[in-house]
Amino acid sequence: MKTAIQKSTIRHLSPQSLQSKIDRISLMSARRLRALFPEHRIYGLDVGLDLKGHPWIIEANLFPSMSHFLKLKDRTMYRRIMAYKKSVRTQQVVNRGPLYY
């Protein structure tokens, strides 16, 4: 994200501050989505920043595509998401819960 900000019109803003804002709005959104979809555990959010650095949620996905993360050189995030997905599935099988993720 830091590289993208440095190449944008908001390069004068702190990447750490912007990341903090995105994290905050993402967690708030996840809590709200969980209240609406209690059996679901993974959500995809498309977030954009306006010219003042305010985050905006463009859309939320209940079944986000993981293929975009495979395009990254650093696959850390992809591995993290897939490990979480696997743990959720295992927990649901053990608990005999629904297989939503």
Side-chain angles (χ1 to χ4, degrees):
M1 186 175 102
K2 187 176 180 180
T3 303
I5 290 169
Q6 290 172 342
K7 293 180 179 183
S8 76
T9 58
I10 58 171
R11 62 182 159 272
H12 61 283
L13 300 174
S14 162
Q16 293 83 10
S17 174
L18 295 172
Q19 184 65 57
S20 179
K21 288 179 181 182
I22 291 170
D23 290 348
R24 190 175 74 248
I25 197 169
S26 298
L27 289 171
M28 289 170 45
S29 300
R31 286 185 196 109
R32 182 66 181 134
L33 287 166
R34 188 169 186 187
L36 295 170
F37 305 97
E39 300 299 327
H40 213 73
R41 295 292 177 262
I42 294 178
Y43 309 101
L45 296 175
D46 293 344
V47 179
L49 297 167
D50 66 18
L51 295 175
K52 293 181 180 180
H54 299 294
W56 291 82
I57 296 174
I58 298 165
E59 70 174 343
N61 300 290
L62 290 178
F63 299 98
S65 173
M66 300 296 142
S67 62
H68 302 295
F69 294 100
L70 287 172
K71 297 175 186 175
L72 299 173
K73 288 180 186 176
D74 181 357
R75 299 234 174 132
T76 304
M77 185 58 67
Y78 176 78
R79 288 191 295 269
R80 186 173 170 191
I81 293 168
M82 297 311 287
Y84 179 75
K85 241 176 146 173
K86 183 178 178 181
S87 72
V88 168
R89 285 184 194 151
T90 301
Q91 182 181 7
Q92 289 171 337
V93 169
V94 169
N95 294 335
R96 301 269 193 250
L99 292 177
Y100 302 108
Y101 55 91

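This one's a predicted model, so the numbers in the text were calculated from it and none came from an experiment. These values consider heavy atoms only, across backbone and side chains, with no hydrogens, waters or symmetry-generated copies.
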Cluster overlap [X] with [Y], hydrophobic side-chain contacts below 4.5 Å:
X   : Y   : answer
I58 : I10 : no
L27 : L33 : no
I57 : Y43 : yes

Handout entry: With R80 via side-chain contact (heavy atoms from CB on, under 4.5 Å) - residues at least two apart
Key =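 If we apply the side-chain contact (heavy atoms from CB on, under 4.5 Å) test to R80, skipping adjacent residues, the hits are M77.
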Handout entry: By side-chain contact (heavy atoms from CB on, under 4.5 Å) - contacts of L70 (at least two apart)
Key =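 If we apply the side-chain contact (heavy atoms from CB on, under 4.5 Å) test to L70, skipping adjacent residues, the hits are R75, Y78.
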Side chains of residues 11-19: which donor-acceptor pairs under 3.5 Å do they make with residues two or more places apart or in other chains?
residue, atom, partner, partner atom, Å
R11, NH1, S8, O, 2.5
S14, OG, Q16, N, 3.3
S14, OG, Q16, OE1, 3.1
S14, OG, S17, N, 3.1
Q19, NE2, D23, OD1, 2.8

Name every donor-acceptor pair, under 3.5 Å, that has one atom in a side chain of residues 60-69 and the other anywhere in the protein, sequence neighbours excluded.
residue, atom, partner, partner atom, Å
S65, OG, S67, N, 3.4
S65, OG, S67, OG, 2.9

Problem - Separation between CZ of R24 and OG of S29, rounded to the nearest 0.5 Å - result: 11.0 Å
Problem - Distance, nearest 0.5 Å, that separates CZ of R34 from CD of E39 - result: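 R34 atom CZ to E39 atom CD measures 9.5 Å (nearest 0.5 Å).
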Handout entry: pair K85-I42: side-chain heavy atoms closer than 4.5 Å
Key = yes
Handout entry: By side chain to side chain donor-acceptor pair (under 3.5 Å) - contacts of T76 (at least two apart)
Key = D74
For residues 44-52, run the donor-acceptor check on the side chains, cut-off 3.5 Å, and write out each pair with its distance to 0.1 Å, sequence neighbours left out.
residue, atom, partner, partner atom, Å
D50, OD1, K52, N, 2.9
D50, OD1, G53, N, 3.1
D50, OD1, H54, N, 2.9
D50, OD2, W56, NE1, 3.0

